[in-house]
Amino acid sequence: MTPRKKLQGLVAATITPMTPDGQVNLLVIRQYVDYLVSKQNVKNVFVNGTTGEGLSLSIQERKRLAEEWVCQGKDKLDHVIIQVGALSLPESQELARHAAAIGASGIAVIAPFFFKPTNKDELIAFLEKVASEAPAVPFYYYHIPPLTGVKIRIEELLDGIKERIPSFQGVKFSSTDLLDLAQCINKNKREQFEFLYGVDEQLLSALAIGADGAVGSTYNYLGGKTNLMLQAFAKPDLALARKYQFLTGEFLNFVIKLGFGVAQTKAVMTFVSGIPMGPPRLPLIAASEEFIVKAKAKLDSIVWPKGD
Ligand SMILES: CC(=O)N[C@H](C=O)[C@@H](O)[C@H](O)[C@H](O)CO
Ligand SMILES: CC(=O)C(=O)O
């Protein structure tokens, strides 16, 4: 496999823009790319994941979106990772082949979550069948146990994984189990795997333990502030890094209490960026006007550290 730049820093888990009548709106992806790069300083994206409602889209919609992100991201984005996981193995394989054909920089696979793998061997068997359809494309496992119910620990999963999946590159780690993350990082130093953390409200803790970067929904609209947290951490100016984590956390803590999910993320991104993200797809229901008013007031009230 050709050597590539290790993925570090922030990756925006992209929202899937929709028209008011619920069609995927490809026309705003170009503007979306420019917004992420110029306003949030975020140059990596993770498409068709949780935030992108990837599992609520048809295969055709997923392919068209992946194509649009790769096409619009050309010469602007560093990495375009496509989430190709699906409940059906052949569909997942088809999406993996498609991602490879259009030149995606990586693929990620979420664990099947209706019939669930109950142990490491079952999970690896599934992942291997998908990865082998795109053998030259860096492969990420997407670990999100609160949504999939698949709780197989990553420490266990990674043991010997390169022999089964030679393209294995890393994990998108959306679990609060920092002990598991720490053990993975400690045991896999030689492998150069990438650990991308996915619980935005506690990214600083994951960085402290050695995460390389992060994939998350909030980097769509708080990417700039979170980049400043990363810079402070690298310096290191821990007091400043904490300040950023406390403030982004203050916003998330507030909206989580109101009820916060992908529908609300779409609404927040719409008022912050000005790009119409539209409604979510059923079974998700659009955020209420009351939520939007309160969330906007909260975000506007936050006083960020000076020098920014
Ligand atoms: C469950 C979920 O959507 N997790 C996202 C990524 O994995 C996060 O980016 C969260 O949206 C974020 O941490 C806010 O809670
Ligand atoms: C947060 C994330 O990574 C996702 O939406 O898939």
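One-based numbering, in listed order, for ligands and for the atoms of each.
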Between ligand 1 and [X], is the shortest N or O to N or O distance under 3.5 Å?
| X | answer |
| --- | --- |
| Thr218 | no |
| Thr51 | no |
| Thr50 | no |

Worksheet item: Going by an N to O cut-off under 4.0 Å, is there a salt bridge joining Glu67 and Lys63?
Response: no
Discussion item. Between Glu122 and Lys116 (salt bridge meaning N to carboxylate O under 4.0 Å), is one present in this structure?
Written reply: no
Which heavy atom of the protein is the closest neighbour of [atom], given with residue, atom name and distance?
| atom | result |
| --- | --- |
| atom 15 (O) of ligand 1 | Glu201 OE2, 2.8 Å |
| atom 2 (C) of ligand 2 | Lys172 CE, 3.2 Å |
| atom 4 (C) of ligand 2 | Tyr142 OH, 3.2 Å |
| atom 5 (C) of ligand 1 | Gly198 O, 3.8 Å |
| atom 10 (C) of ligand 1 | Ser217 OG, 3.6 Å |
| atom 1 (C) of ligand 2 | Ala13 CB, 3.5 Å |

Worksheet item: Do Asn220 and Tyr32 have side-chain atoms, one donor and one acceptor, less than 3.5 Å apart?
Response: yes
Discussion item. I'd like to know if Gly198 contacts ligand 2, where contact means a heavy-atom distance under 4.0 Å to any ligand atom.
Written reply: no
Worksheet item: Is the ring centre of Phe46 less than 6.0 Å from the ring centre of Tyr142?
Response: yes
Practice prompt. Report, in ascending order of atom number, the atoms of ligand 2 lying under 4.0 Å from any heavy atom of Gly49.
Written response: 6 (O)
Worksheet item: For ligand 2, which atoms, with element, lie under 4.0 Å from some heavy atom of Val215?
Response: 3 (O)
Worksheet item: atom 7 (O) of ligand 1: which of Gly249, Ser175, Ser174 has the nearest heavy atom?
Response: Ser174
Worksheet entry | Under 3.5 Å: N/O of Thr51 near N/O of ligand 2 | yes
